[in-house]
Amino acid sequence: MNVLISGGCKNGKSYYAQKLARDMAQQQGKPLYYIATMIPRDEEDRARIRRHLAERDGWGFETLEQPVHLTALLEDPSVDRSGVFLLDSVTAIMENEMFQRVETEGASLKGNAGTTIVFDETAPSRVAAEMETFAKATGNTVFVSDGIYGDMGEYSRSTEDYRKALAGADRTLAKACDRVIEITYGMEEIWK
Amino acid sequence: MELIFGGAYQGKLDYVKDNYEYSRICDCSDGREPDFDADVIYGIEGFVMECAKAGREAKDFFKDRETLLGDKLLVMTDTSQGVVPIDKNVRAFREMNGRLMLYLAEKAEHVTRVFCGIGKRLK
């Protein structure tokens, strides 16, 4: 069963998704994978990752690091594609693929060496297609995304492009998934 | 009349196209006034934005045309969540949009919310 989970920030989506994936793996006697999608950029990110790892400790997840190009996991011989996968989150993969960070050596326009963000306009449709391929190939993936569409949306062009892209991926996944669940403060609303 | 609403990019218009019979859509997202000869009135928030700029209450516009609502499908974007906008005009729009949605939801025979392209009838 493929499941799409969305909802607001800090509403209990990840916890709900972890329980669901673990139950699915236990019921079917299958390996349980956690697809980690974050690219750590600083100490705050690294601390967040350590906290997430501690939270998943003892749940039986094997962690797969795949912040971009999700379908590469399907080619990995060490990954059992009949297993149960928890992908947390679609949001992070879309960000990683749309806004690629390139390290610059010399001084940038702002006068300091550092990171330039390159916008990949082919990413939105590619990521949505990879998500769909992954769902169909595994048949047992819990996707976690984020509901960021109910406000005024007075954002910069690139943020608005991002919202549109993530919504597109969500809608593609909603079609490909057997269940679509919105989580509000730990409570579920079944959409499909 | 049925009100169909949802957040941005949720596939509201595709949902209407796939699930309802209609002959003409009036797209108000560019700010134009709803044409009640059409059976689907879409992007109503665009018209509300124009109303807010002009200081005209969008709810009253619909109230004055209540008899025209009949079996129309009214499609609009929910902008009610998130932080209160700093800009005074945007804030006025957001509140006006909310007042209109509240009014339409009360008048509507059915209300449907669209999420990730999926519709759910709330009323």
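So that the names make sense, note that chain A is the first sequence line, chain B the second, and so on, each numbered from 1.
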Trainee: Sort by residue number and list every member of residues 120-145 of chain A having a non-hydrogen atom under 4.5 Å from chain B.
Mentor: none
Trainee: Measure the NZ-CG distance between B:K107 and B:L74 for me, rounded to the nearest 0.5 Å.
Mentor: 13.0 Å
Trainee: For the pair B:E45 and B:R94, find out whether any cationic side-chain nitrogen is under 4.0 Å from an anionic carboxylate oxygen.
Mentor: no
Trainee: Below 6.0 angstrom between ring centroids: does that apply to B:F47 and B:F61?
Mentor: yes
Trainee: At a 4.5 Å cut-off on heavy atoms, which part of B:F5 comes close to chain A: side chain, backbone, both, or neither?
Mentor: neither
Trainee: Give a yes or no on whether B:Y20 atom OH has more than 12 heavy-atom contacts from other residues, nucleotides or ligands under 6.0 Å away.
Mentor: yes
Trainee: For A:R157, I'd like to know if atom CZ has over 12 heavy atoms of other residues, nucleotides or ligands within 6.0 Å.
Mentor: no
Trainee: Quick one: pull up CD1 in A:I39 and CD in A:Q100 and give me the separation to the nearest 0.5 Å.
Mentor: 8.5 Å
Trainee: Are there over 12 heavy-atom neighbours, none belonging to B:K123, within less than 6.0 Å of that residue's NZ?
Mentor: yes
Trainee: Could you tell me whether B:E57 and B:R99 make a salt bridge, using a distance below 4.0 angstrom between a side-chain N and a carboxylate O?
Mentor: yes
Trainee: Would B:E33 and B:E50 satisfy side chain to side chain contact (heavy atoms under 4.5 Å, CB included), going step by step from the backbone distance to the final call?
Mentor: CA-CA 9 Å; B:E33 205 169 275; B:E50 287 304 307; over 6 Å; no
Trainee: Is it the case that the side chains of A:D151 and A:Y155 hold a donor-acceptor pair, with the cut-off being a distance below 3.5 Å and no angle test?
Mentor: yes
Trainee: In residues 52-68 of chain A, which residues are in contact with chain B at a heavy-atom separation under 4.5 Å?
Mentor: none
Trainee: Does the side chain to side chain contact (heavy atoms under 4.5 Å, CB included) test come out yes or no for B:T77 and A:Y149, once each step is laid out?
Mentor: CA-CA 9 Å; B:T77 302; A:Y149 312 104; over 6 Å; no
Trainee: Does anything in residues 166-192 of chain A reach chain B? List residues with heavy atoms under 4.5 Å apart, or say none.
Mentor: A:A167, A:D170, A:R171, A:A174, A:V180, A:E182, A:E189, A:I190, A:W191, A:K192
Trainee: Under 4.5 Å from any heavy atom of chain A, what part of B:N97 do you find: side chain, backbone, both or neither?
Mentor: neither
Trainee: My understanding is that only residues two or more places apart in sequence, or in another chain, count here; which of them pass side chain to side chain contact (heavy atoms under 4.5 Å, CB included) with B:R91?
Mentor: B:V84, B:P85, B:K88, B:E95
Trainee: Distance check, rounded to the nearest 0.5 Å: B:K17 atom NZ versus B:Y22 atom OH?
Mentor: 5.5 Å
Trainee: Does atom CG of B:D30 have more than 12 heavy-atom neighbours, drawn from other residues, nucleotides or ligands, at distances under 6.0 Å?
Mentor: yes
Trainee: I'd like to know which of B:S80, B:G11, B:G6 tops the heavy-atom pair count under 4.5 Å against chain A.
Mentor: B:G11
Trainee: For B:E106, does the CD atom sit with more than 12 other heavy atoms under 6.0 Å from it, leaving out its own atoms?
Mentor: no
Trainee: Counting heavy-atom pairs under 4.5 Å to chain A, which of B:V90, B:D87, B:D14 comes out on top?
Mentor: B:V90
